[in-house]
Structure formats: C-alpha cells, structure tokens
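To start, the structure under review is shown below, and the notes come after it.
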Amino acid sequence: MPTLYDKLWDSHVVSQEPDGSTLLYIDRQMLHEVSSPQAFEGLRLRGATVRRPAAQLAVADHAVPTHSRGRPIADPQARDQVALLEANTTAFGVPYVALAGDRHGIVHVIGPELGFTQPGITLVCGDSHTSTHGAFGALAFGIGASECECVLATQTLRQRRARNMAVEVVGDLAPGVTAKDIALAFIAQVGASGAVGYAVEYRGEAISALDMAGRMTLCNMSIEAGSRTGLVAPDETTFAWLRDRPMAPKAADWDAALAYWKTLPSDLDAAFDRLVVIDAARLEPRVTWGTSPDQGAGVSGRVPDPSAAATPAEAERIRRALAYMGLEPGAPLTDIAIDRVFIGSCTNSRIEDLRAAAGVIRGRKVAGRVKAMVVPGSMAVKRQAEAEGLDVLFRAAGFEWREPGCSLCVAMNDDRLAPGERCASTSNRNFEGRQGVGARTHLMSPVMAATAAIEGRLADPREGRS
Amino acid sequence: MEPFTRLTSVAASLPAADIDTDIIFPARFLLITAKAGLGRYAFYEWRYQPDGAPRPEFVLNQPAFAGARILIAGPNFGCGSSREQAPWALHDLGIRCVIAPSFGEIFFSNCFRNGMLPIVAAEADIVRLQAETQSGAQLSVDLATCQIVSEDGQALSFEIDPWRRDALLNGWDEVAVILNSNMTAVARFEAGQRARMAWLYAGEQ
Ligand code: SF4
C-alpha cells in the first residue's frame, strides 16, 4: 500500500519513458537570486518562455543586507544580483516578492507563510533546503540551476523515484528539547549520507505533537542526512495553519483541497524500505562539534577522541574536523567558549523560534565578549515579533535585531565571521567556511543558542529552568 | 551539451569524506552570476593560502595532476548546497568525470546536465584506483562499455541509468528533448489535473 511519498509521486507522473526515467510534473517553483540567473539566461538563449508564470514565485534572500532595507545595496555584486532577479522576473512575467515589501523573507519561510506551499503538490527550488516544504505533505526537493530552467520552460523534470524511509519518533520531547534536536539526532544516527536515495517521512507521536514551525525545522534538515525530501503527513495542525493564508485555496476550493489533502497520509499498512526509530524522551539538547551536521552530541557529552573511532577513515574524518574547529579530544562540550551567536536561517527563524529563544533570556544579558544577532526569517515574522515586544527583549539583552534574509547562514552578504571565530548558530550547516573563511560553526536549537549567548559558552538550556 | 564518450587522463585523488559544495565552490563567489570561468574559484580555500599563493600540498596544484580530467573522491562527494556552480567550476578546470563511493544527490544530478560523468564505485575499488594513479598512471573511462580501464588493462564495470547514459553519449540537452517530445503529454496532464484540482490553477487562464 502506498506511502505519502508514493501518492505524491504517482499523482505527478506525466509519462513513464521507455528509457526508465519518469517525467514528473512540477506544480510550483520558488526562485532566488543565486540559482536563477543562469536559468533565465538559458531560457533567453533558447528563445523559450515561462510555461506557467503563476506557478512561480521569486524572492531575493541570500545576498541581501540585513542591516537595513535602504537601497541601494552597498556591495556592487549583491546589488547587481538582486537587480538581475528583478529584471528577469519582470521580463518573464514571474511574480516577484519585493525586497522592501511586507511579504519579503527567506524563500523557505515565505513560501509556507503565503500559502504558496500546500499539501499534495510538487514544489522545487534551486536550493537544497527546499525539503522544508515537505512539512506540509508536499513533495518538495532542491534542484540545480539547469533544472530550474527546465521547470520554467516545461513545468517538468526527469526524475528517478526514491525509496521510502520512515523515521518514527516515539515518546514526548522533554522541556528544552526541540525539533532541531530531533533533526540533529537523526542525522547523527544515520550519517551525512545515510538517507541518500530515500524520501524520509517523519512520523510518530512526537511528530504529530510538533507545531508547523517544528515540522519545518525537521524537514529542512533532511538534506543534511543526504535526503532531498523530508515529509510530514498533513493533519489538522497543517490545515489550521494554512487556512486563510494569502495564496491558500479559498471558499469551495478550500473544501475540495481539504478533502483531497486528507487522503494523502501513508496507508496504515504502507511498506517502507527502511525504518529508523528515535526515542524523543531520551533526547537531550544537541550541538555539533565538527564540520558535518552528523558530527554532534548531546550537550552533556564531550568532544570525541579520534583514536577511539571505529575505523581509520572515521578517525581521519574526526581529526580533520577537530583540527578545523580548534577543539581538543575529550573536552566537555560545555567548556567551549563562543564569540558569536546567530539566531536565524530557514531552519530556525520563525516566530516560534524567536519566542523560544526570547524565553530563556529572562532579563539576563549577552556575555561581554559575545556578539549576538537575531535575523527574523521574514518581514511577517519580524512584525509579529515586534508586536509581541520580542525585539525590545532581545535588544535589551544585547542582541542585534536585523532585517530578514539568509545572513550568517551562508555569509554571502556582509554578515560573516572572522577566521577562527566560533559561533553558536541555529542554522543548518557547520561546513568549513560556511559562515566565513576559517569560521567555526556549532549548530543547535534557538533555546540553546540564546543560552550560549548569555553564558558565553555552549551550555545546557535546561539548567536554571524554572 | 558537449557529449561524453571516452576519456583518458591522469586522475587526481581527494579521498576526504563529505567534501561539500561549499568546499568545492565557496559561497562568497556565488555573487557572480556568470556560468563560465568559475574554475579559478574551485576548492578556493584548499587551493590557495590567504595571501593567494597556491598551497603546494593540494593535489590539483601539483604539476602531475594540474590537468587531471578525472577526480577520485571520498564518500558523499558534493553533498550540501545545490549550487550548480560546483560542477560548473570543476568543468571549467577540465574535470569531466568524478569517481566516488557515494555522492550528494543534487550534485550528482547536476553533473549530467553539464556533460560530466559521476561514477559510483565500491570503496575497495576506489582504494585500488587511488593507489594505481597516485604516481601519475592514467585511467580510461568508456561510457559506451561502462568501464574504467587501468593502464595494466584491468577493467572495472560501473552502472548508470540508461537515460542518463544516452543523454551524455549524445550530448542531449534535456530541456530541448522535453520541449520536442513531451509537451503534448504535459498539456494532457495539466488538463486532467485542472479538472480534478482546480485550486492549483486559481487565477490562471
Ligand atoms: S537560510 Fe541558509 S540554508 Fe536557508 S535558504 Fe538561506 S542560505 Fe540556504
């Protein structure tokens, strides 16, 4: 019997080609300034048009400054890149979310916010974290720029079907433990390439109990285990969240869509090719110590000793990571002092994330030597946070309060770390150089990042909880 | 697209696991919107010192491997970001074939769009190929026979999706293929979907 993934796949098959490939229909595409210029250029060179402009949505998020929304953008390259997206979307009639407008934000934050993301659809973007949208029960995956061009021109992609993996998260999360910790635990359990070739469906009590923000955090990081697609079956939480979003179906359309969406969850006897079980109740807040998202541990743990690794290759991998990260084997993780804190990115920049981070501050201040910043995922998140007074709280504690964008998640704008600087970050990648040349990134949840800001070191967000 | 048929070259080894596309093409160079000429930024931090001088220990900086068209890589090569700048930069350096135990999926699929052949091989075979080629011996990769042939004549077979193989061998441009042969089926699909799920077409003609 079919899984959620099977149903999504089967309902989008245009044709089964004799050469073994499947031509898959793509319902929606999001575009950003980094992966779209070459796609539009390709269309231009072949004299093609955009088949369904209304099925596209473009926004500039990666290169944009977060200090202020004033134009022009200071960096000439970033300015040109954003201008090119504006010119291309105008020329090809593709809807564009203005940088200065109310709807602006990170592509994977605004897609859901606007109701552009919906259950049951196929959605792509030239961005690996497109898996985020799978939180709504959409078949969403990242593609390259050439594939973006293919979708613009044909609304299809040639694809190979993935296998099904179920990640069953049983039990309840303890206070202070979040969806980010489930994600980091899953990635550590299967490894950075453990889910390559699989579509991952997260299920079980702990997943049903997650709000949409948590589900998005979890699906977002599927790619860090190698899977292009993370999924959560749509349920009442999903429907309630989507209703009345600007681009969500309206009136009779809503009723028809809802009836369809309810048929999407995996059948009870659906067969998965692989099952991974995680006990939510046993998870503690997690943090990475290495240069790959699977290199992490619970906060009470220690930096691993390469000499204790199972294989020489694994020992070498740990050694390389520790050399880059400037860490000593065996040191308690909570002894690691930090220089910077980044609360933001499409993984953890939603209103729920900011509320959670603000909740641990309780009148305390960012440690003296630490520079901390909050970058809301979208203008809507920013406005909501300001309406709740969170900006005042963060500022009073010593955090910078920024405009929306990718910012220090990818360090393409002027937010970047100096070589050797160490950052407690709510983003998704601790790769070498990700936050700047020689920068050292520790991935964690918003509550743990806020705790780290106050303590000036990695610290357990559960300590001192009332 | 430039076809890929057969290739004989020295092979450069980058055995580290999880070489992500941020390492292959650092994010700050993503501000460049051109597709050509990106090779100079490939592996930038690994290839150059902060002052811009080449790091002599990096394999592609060594005279014997500077012109390598084949890379032998570690597991999960090209994981992480979907940036197609990674294969574009490798292509610009002259690399046409990457052999690894496993790949990041998006990188893997991006290669085929650019006339590059990613080959999945068993770890043990990778170790053998690395040992054979480290002093400059060449490998021949033949897509018609799906074999990697060593200088001593030993042949290693590999697997590839038939549609991807045909596209590479013929240099087919996938968008052109779909536009030429599939659009009737696409229109039929859309009509059917529109009848069943009108909300997906709200506001469209
Ligand atoms: S926030 Fe980071 S991961 Fe998300 S889209 Fe932006 S750069 Fe990519």
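Below, each value reflects all heavy atoms present in this structure, side chains not excepted, and no hydrogens, waters or symmetry copies. Chain naming here is simple, since letters A, B, ... match the order of the sequence lines and numbering starts at 1 in each. These figures come from a predicted structure and were not determined experimentally.
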Notebook entry, point to check: So which of Gly126(A), Ala313(A), Gly197(A) has the biggest tally of heavy-atom pairs under 4.5 Å with chain B?
Noted result: Gly197(A)
Next item on the list: Would you check if the side chain of Arg228(A) reaches a backbone N or O of Ile106(B) as a donor-acceptor pair within less than 3.5 Å?
Entry: no
Notebook entry, point to check: Would you say the side-chain atoms of Arg96(B) pair up with the backbone N or O of Leu7(B), donor to acceptor, closer than 3.5 Å?
Noted result: no
Check: Regarding Glu190(B) and Tyr201(B), is there a side-chain donor-to-acceptor distance under 3.5 Å anywhere?
Finding: no
Notebook entry, point to check: Using non-hydrogen atoms only, which part of Ser146(A) is less than 4.5 Å away from chain B: side chain, backbone, both, or neither?
Noted result: both
Checklist line | Contacting region of Ser35(A) [heavy-atom separation from chain B under 4.5 Å] | finding: neither
Item checked: Asp92(B) bridged to Lys35(B) by N-O distance under 4.0 Å -> no
Note to self: At a 4.5 Å cut-off on heavy atoms, which part of His129(A) comes close to chain B: side chain, backbone, both, or neither?
What the structure shows: neither
Notebook entry, point to check: Going by atom types only, do Gln295(A) and Asn430(A) share a side-chain donor-acceptor pair under 3.5 Å?
Noted result: no
Check: Taking every heavy-atom pair that is under 4.5 Å apart, which of Gln81(A), Arg416(A), Gln77(A) has the most such pairs with chain B?
Finding: Gln81(A)
Item checked: Tyr260(A), part contacting chain B, at a heavy-atom distance under 4.5 Å -> side chain
Next item on the list: Would you kindly say whether Trp46(B) and Glu432(A) are connected by a side-chain donor-acceptor distance under 3.5 Å?
Entry: yes
Check: Looking at Trp163(B), Phe108(B), Phe189(B), which makes the most heavy-atom pairs under 4.5 Å with chain A?
Finding: Trp163(B)
Margin query: Counting heavy-atom pairs closer than 4.5 Å to chain A, which one of Arg28(B), Glu105(B), Gln205(B) comes out on top?
Written below: Glu105(B)
Check: By a 4.5 Å heavy-atom criterion (distance strictly below it), what part of Gln155(A) contacts chain B: side chain, backbone, both, or neither?
Finding: side chain
Checklist line | pair Asp22(B)-Ser81(B): side-chain heavy atoms closer than 4.5 Å | finding: yes
Notebook entry, point to check: Between Asp18(B), Ile178(B), Asp20(B), which residue shows the highest count of heavy-atom pairs closer than 4.5 Å to chain A?
Noted result: Asp20(B)
Item checked: Heavy-atom contact with chain B under 4.5 Å, split by part of Ile143(A) -> backbone
Checklist line | Choice from Ala256(A), Gly433(A), Pro293(A), Ser292(A) maximising heavy atom contacts with chain B below 4.5 Å | finding: Ala256(A)
Note to self: Looking at Glu17(A), is its backbone amide N or carbonyl O close enough to the side chain of Ser21(A) to form a donor-acceptor pair, meaning the two atoms are under 3.5 Å apart?
What the structure shows: no
Notebook entry, point to check: Tell me, side chain or backbone of Arg46(A) under 4.5 Å from chain B's heavy atoms, or both, or neither?
Noted result: side chain
Notebook entry, point to check: Is it the side chain or the backbone of Ala36(B) that comes within 4.5 Å of chain A heavy atoms, both, or neither?
Noted result: neither
Next item on the list: Sort out for me which of Ala192(A), Ala63(A), Ala153(A) touches chain B most, counting heavy-atom pairs under 4.5 Å.
Entry: Ala192(A)
Checklist line | Residue, of Gln159(A), Glu147(A), Glu316(A), Glu41(A), that accumulates the most heavy atom pairs under 4.5 Å with chain B | finding: Glu147(A)
Next item on the list: Tell me, for Asp75(A) versus chain B, whether the close heavy atoms (under 4.5 Å) come from the side chain, the backbone, both or neither.
Entry: side chain
Notebook entry, point to check: Which bit of Gln118(A) is near chain B, if near means a heavy-atom gap under 4.5 Å: side chain, backbone, both or neither?
Noted result: side chain
Notebook entry, point to check: Can you tell which of Glu33(A), Arg160(A), Arg28(A), Glu149(A) has the highest number of heavy-atom pairs within less than 4.5 Å of chain B?
Noted result: Arg160(A)
Checklist line | Between Phe107(B), Trp88(B), Phe103(B), the one whose heavy-atom pairs under 4.5 Å with chain A are most numerous | finding: Trp88(B)
Margin query: Counting only non-hydrogen atoms closer than 4.5 Å, does Ala34(B) touch chain A with its backbone (N, CA, C, O), its side chain (CB onward), both, or neither?
Written below: backbone
Next item on the list: Give a yes or no on whether the backbone of Leu143(B) and the side-chain of Arg165(B) come within a donor-acceptor separation of less than 3.5 Å.
Entry: yes
Check: Does Tyr48(B) have Arg40(B) sitting over its ring (NZ/CZ under 6.0 Å from centre, angle to axis within 45°)?
Finding: no
Notebook entry, point to check: Any sub-3.5 Å donor-acceptor pair from Trp199(B)'s side-chain atoms to Pro249(A)'s backbone N or O?
Noted result: no
Note to self: Counting heavy-atom pairs under 4.5 Å with chain A, which one of Ile32(B), Asp173(B), Asn114(B) comes out on top?
What the structure shows: Asp173(B)
Note to self: Parallel, tilted or perpendicular: which one describes the rings of Phe58(B) and Phe43(B), with boundaries at 30° and 60°?
What the structure shows: tilted
Check: Which atoms of Val13(A) come close to chain B, meaning under 4.5 Å heavy atom to heavy atom: side chain ones, backbone ones, both, or neither?
Finding: backbone
Check: Looking at Thr33(B), Val177(B), Asn110(B), which one has more heavy-atom pairs under 4.5 Å with chain A than the rest?
Finding: Thr33(B)
Checklist line | Under 4.5 Å from any heavy atom of chain B - which part of Arg158(A) | finding: both
Check: Using 4.0 Å as the upper bound for N to carboxylate O, is an ion pair formed by Arg317(A) and Asp294(A)?
Finding: yes
Note to self: Keeping Glu314(A) on the side-chain end and Ala309(A) on the backbone end, is there a donor-acceptor pair under 3.5 Å?
What the structure shows: no
Item checked: Part of Thr130(A) within contact of chain B (heavy atom distance under 4.5 Å) -> neither
Margin query: Report which part of Ile23(B) has an atom under 4.5 Å of a heavy atom belonging to chain A: side chain, backbone, both, or neither.
Written below: side chain
Check: Asn413(A) side chain to Asp415(A) main-chain N or O, any donor-acceptor pair under 3.5 Å?
Finding: yes
Next item on the list: Taking Ser227(A) for its side chain and Thr229(A) for its backbone only, find out whether a donor-acceptor pair lies under 3.5 Å.
Entry: yes
